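Letters A, B, ... are given to chains in the order of the sequence lines, protein chains preceding strands, and every chain is numbered from 1. FYI, side chains are in, hydrogens and waters are out, and symmetry mates aren't considered; it's all heavy atoms of this structure. All values derive from a computational prediction rather than experimental measurement.
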Amino acid sequence: MSTAGRDLRVRFAPSPTGELHIGGARTALYNWLAARHADGAFLLRIEDTDAERSTPENVAQIIEALEWLGLDWDGDVVFQSESEAAHREAVRDLVERGLAYHDTSTADDVREWKEKEGADRGYRGTPSEDGEGAVRLRVDDQGEEVVRDLVRGEIRFPNRSLDDFVIARADGSPLYNLAVAVDDAAMEVDLVIRGDDHLSNTQKQQKVLEALGAKVPEYAHAPLIHGTDGKKLSKREGAASVQGLRDDGYLADAVVNYLALLGWGPEDDETVMDRQELIDRFRPEEIGKSSAVFDEKKLRWLNGRYMRAMTPEAYVEAVATFLDREPDQPLVDACAIAQEKAQTLGEVWPLIAFLFEPPVDDPKAWRKVMKGDAPTALEAAREALAGLGDFGPESVEKALEPLPERLGLSAGKVYQPVRVAITGTTVSPGIFESVAALGREETVSRIDDALGRIASREGEEA
RNA sequence: GCCGCUAUCGUCUAGGGGUUAGGACGCCGGAUUCUCAGUCCGGAAACCGGGGUUCGAAUCCCCGUAGCGGUACCA
């Protein structure tokens with residue numbers, strides 16, 4: 001489908017450095033929301049001019065993360081490296097028109113120059129006679145560059161403090177701020193939504209655009225996302241990448257919802273919003289000004305909301321995919337009793353494993369529960385269940401429910417031993433559902449095993 | 001150092017000259033006479049500091065302070 005002539009054209013332009021960081025993911029999401037809201041085009045451009053880190057693997061990581069998040073882009077993926085000819089042409093043009101010049105000075109030269117001229121004074125070079133050296137864009141000493149930002153209003157950068165910055169290396173290869181400006185113009189990008197860390201690049205890119213006589217897009221700089229320590233979110237910290245979130249069992253829908261809220265919120269403070277609501281309500285000018293801290297607790301809560309809201313079919317499919325198992329009947333039955341309990345896909349298996357494997361070994365649970373009247377309760381439960389015809393949850397409940405009163409025990413004293421007997425631990429789905437799902441034979445057998453274990457333990461102690 | 005951005009509960013945020021400063025997560029307590037989770041109810045919890053302007057400032061202005069970003073012949 002053609003992306004030309006759409007009302008609003010935005011782009012996500014990551015450099016492929018590995019897994020997609022959640023900051024990048026949010027930037028992608030904001031661009032996507034803005035595009036879909038305006039029925040515009042969401043373009044994807046890979047900034048791969050640095051051959052060092054731009055490996056095919058790293059590019060694939062970005063694509064994979066965007067696909068998982070469901071952020072579909074319009075048209076083909078654009079690789080910045082493929083427009084190098086255009087970048088070089090732009091540099092040549094600027095030099096020819098005297099707006100840029102070759103300069104052989106080194107970083108040390110620049111430092112020296114500033115020591116003489118003042119630290120707040122941008123470097124001004126001397127054009128080399130022979131066309132040798134890197135290419136620098138000429139910057140006026142007077143005036144200022146005004147960036148009109150949708151989030152912050154007008155931001156003023158004094159020209160005096162900006163270097164004649166390098167737009168191409170001595171070998172002629174174009175640099176980032178030149179390439180971005182040229183590409184944004186070529187792709188007819190109208191709105192650039194990106195992280196705060198690009199604010200000082202924006203003044204440079206605007207200068208290139210202006211020198212080239214190209215239209216300057218609108219900008220919206222979103223504040224950076226920080227870790228719990230208030231610093232820049234590091235890869236170390238929990239699941240800082242989209243892939244990490246996925247592997248921890250978070251749902252793409254929940255991640256999208258949560259990320260949208262990190263730095264933006266609708267007027268009425270609504271928290272749970274599906275994609276369509278997000279699209280309907282998102283406006284880039286409503287992005288907040290101050291940086292946000294990634295809070296996994298809130299993501300977990302939100303994820304739980306989405307987990308519980310899924311249809312049973314979707315739930316089974318998600319769990320099966322996550323566990324890399326077949327969505328067969330046993331798994332369907334297991335999911336049915338676990339859906340209300342888990343906050344993430346990663347928490348599902350521990351709740352249902354007892355249906356597929358022997359009970360786990362949890363000494364603490366045994367110590368706490370398998371004492372006192374536990375054998376009495378287990379005997380009674382065994383008896384009530386062993387002869388039961390229909391073994392559905394309702395009839396299991398009917399069989400077990402009179403026991404506490406009959407034995408003169410609290411409900412917990414009866415049910416917890418049964419739970420530990422069949423699962424090995426104290427945490428599981430509802431006891432009646434769990435017993436029913438396990439089946440009569442296996443339940444009775446596990447109760448017998450537990451009884452035997454208690455007996456032999458007491459024998460040892462005596 | 002220089003240039004820039006930001007500042008409301010622990011966290012995400014609403015509000016924007018006169019409000020009991022609202023909501024959400026988390027936390028604490030209670031209920032749901034099976035654990036955990038969920039759900040419901042209740043609670044504690046915030047306007048960085050100092051000066052202005054004003055009858056009145058969390059809100060507007062200035063100055064500090066703190067945090068963050070940038071400062072490459074990286075992207």
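Here the separation of B:rG51 from B:rC40, taken at their P atoms, is 46 Å to the nearest Å. Nucleotides B:rG38 and B:rA72 place their P atoms 50 Å apart, quoted to the nearest Å. Comparing the P positions of B:rU8 and B:rU13 gives an interatomic distance of 9 Å, to the nearest angstrom. A gap of 31 Å separates the C1' atoms of B:rG49 and B:rG43, to the nearest Å. Nucleotides B:rC9 and B:rG15 place their P atoms 16 Å apart, quoted to the nearest Å. For the C1' atoms, the distance linking B:rC3 with B:rA46 amounts to 32 Å, nearest Å. Between the P atoms of B:rG1 and B:rA44, the separation comes to 44 Å (whole Å). Between B:rC12 and B:rC61, the two P atoms lie 23 Å apart (nearest whole Å).
Shown are A:Leu150, A:Val180, A:Val10, A:Asp184; of these, the side chain to side chain contact (heavy atoms under 4.5 Å, CB included) with A:Val192 is made only by A:Asp184.
When heavy atoms are screened at a 4.0 angstrom cut-off, A:Glu47 is found touching the sugar-phosphate backbone but no base atom. Within the 4.0 angstrom heavy-atom criterion, no nucleotide atom of any strand lies near A:Glu347.
Listed by first and then second residue, the ring-ring contact (aromatic ring centres under 6.0 Å, His included) pairs that reach into residues 138-170 of chain A come to none, sequence neighbours excluded. The ring-ring contact (aromatic ring centres under 6.0 Å, His included) pairs that include a residue from residues 345-381 of chain A are A:Trp349-A:Phe356, where partners are two or more places apart or lie in different chains. Applying the ring-ring contact (aromatic ring centres under 6.0 Å, His included) test to pairs two or more places apart or on separate chains, those with a residue in residues 401-435 of chain A are A:Tyr415-A:Phe432.
From A:Arg453, atom CZ reaches atom CG of A:Leu451 across 12.5 Å, with rounding to the nearest 0.5 Å.
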Considering only nitrogen or oxygen atoms on both sides, find all protein atoms under 3.5 Å from nucleotides 2-11 of chain B and state each distance.
unit_1, atom_1, unit_2, atom_2, d
B:rC2, O2', A:Ala119, O, 3.4
B:rC5, O2', A:Arg152, NH1, 2.6

Below 3.5 Å between N/O atoms, which protein atoms pair up with nucleotides 46-48 of chain B? Just atom names and distances, please.
none

Listed pairs, N/O of protein and of nucleotides 30-33 of chain B, under 3.5 Å:
none

Can you tabulate the close N/O pairs, meaning under 3.5 Å, that link protein atoms to atoms of nucleotides 72-74 of chain B?
unit_1, atom_1, unit_2, atom_2, d
B:rC73, O2, A:Ala170, N, 2.9
B:rC74, OP1, A:Arg169, NE, 3.1
B:rC74, OP2, A:Arg169, NE, 2.7
B:rC74, OP2, A:Arg169, NH2, 3.0
B:rC74, O2', A:Asp50, OD2, 2.9
B:rC74, O2, A:Arg53, NH2, 2.4

Throw together a table of side-chain donor-acceptor distances under 3.5 angstrom for residues 302-311 of chain A, partners on residues two or more places apart or in other chains.
unit_1, atom_1, unit_2, atom_2, d
A:Asn303, OD1, A:Leu251, N, 2.7
A:Asn303, ND2, A:Gln343, O, 2.7
A:Tyr306, OH, A:Asn257, OD1, 2.5
A:Tyr306, OH, A:Met273, O, 3.0
A:Arg308, NE, A:Gly304, O, 3.4
A:Arg308, NH2, A:Gly304, O, 3.4
A:Arg308, NH2, A:Gln343, OE1, 3.4
A:Thr311, OG1, A:Ala314, N, 3.1

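No side-chain heavy atom of A:Val78 sits under 4.5 Å from any side-chain heavy atom of A:Asp183.
Following rounding to the nearest Å, A:Trp349 (CH2) and B:rC36 (P) show an atom-to-atom distance of 24 Å.
Using the Watson-Crick or G-U wobble rule with both distances under 3.5 Å, B:rC2 pairs with B:rG70.
Residues from residues 422-432 of chain A that place a heavy atom under 4.0 Å from any atom of RNA chain B, listed by number: A:Thr426, A:Val427, A:Ser428, A:Pro429, A:Gly430, A:Ile431, A:Phe432.
Take A:Asp140 and apply the side-chain hydrogen bond (donor to acceptor under 3.5 Å, both in side chains) test, not counting sequence neighbours, and it matches no residue. Looking at residues two or more places apart in sequence or on another chain, you find a side-chain hydrogen bond (donor to acceptor under 3.5 Å, both in side chains) between A:Thr106 and A:Asp109. Annotation: side-chain hydrogen bond (donor to acceptor under 3.5 Å, both in side chains) contacts of A:Asp449 (sequence neighbours excluded): none.
When the nucleotides B:rC34, B:rG23, B:rG69 are ranked by their closest atom to the side chain of A:Gln416, B:rC34 comes out on top.
Side-chain N or O atoms of A:Gln206 include none that pairs as donor or acceptor with a backbone N or O of A:Val216 at under 3.5 Å.
Nearest-nucleotide assignment on RNA chain B puts the 5′-proximal partner with A:Gly265, out of A:Arg419 and A:Gly265.
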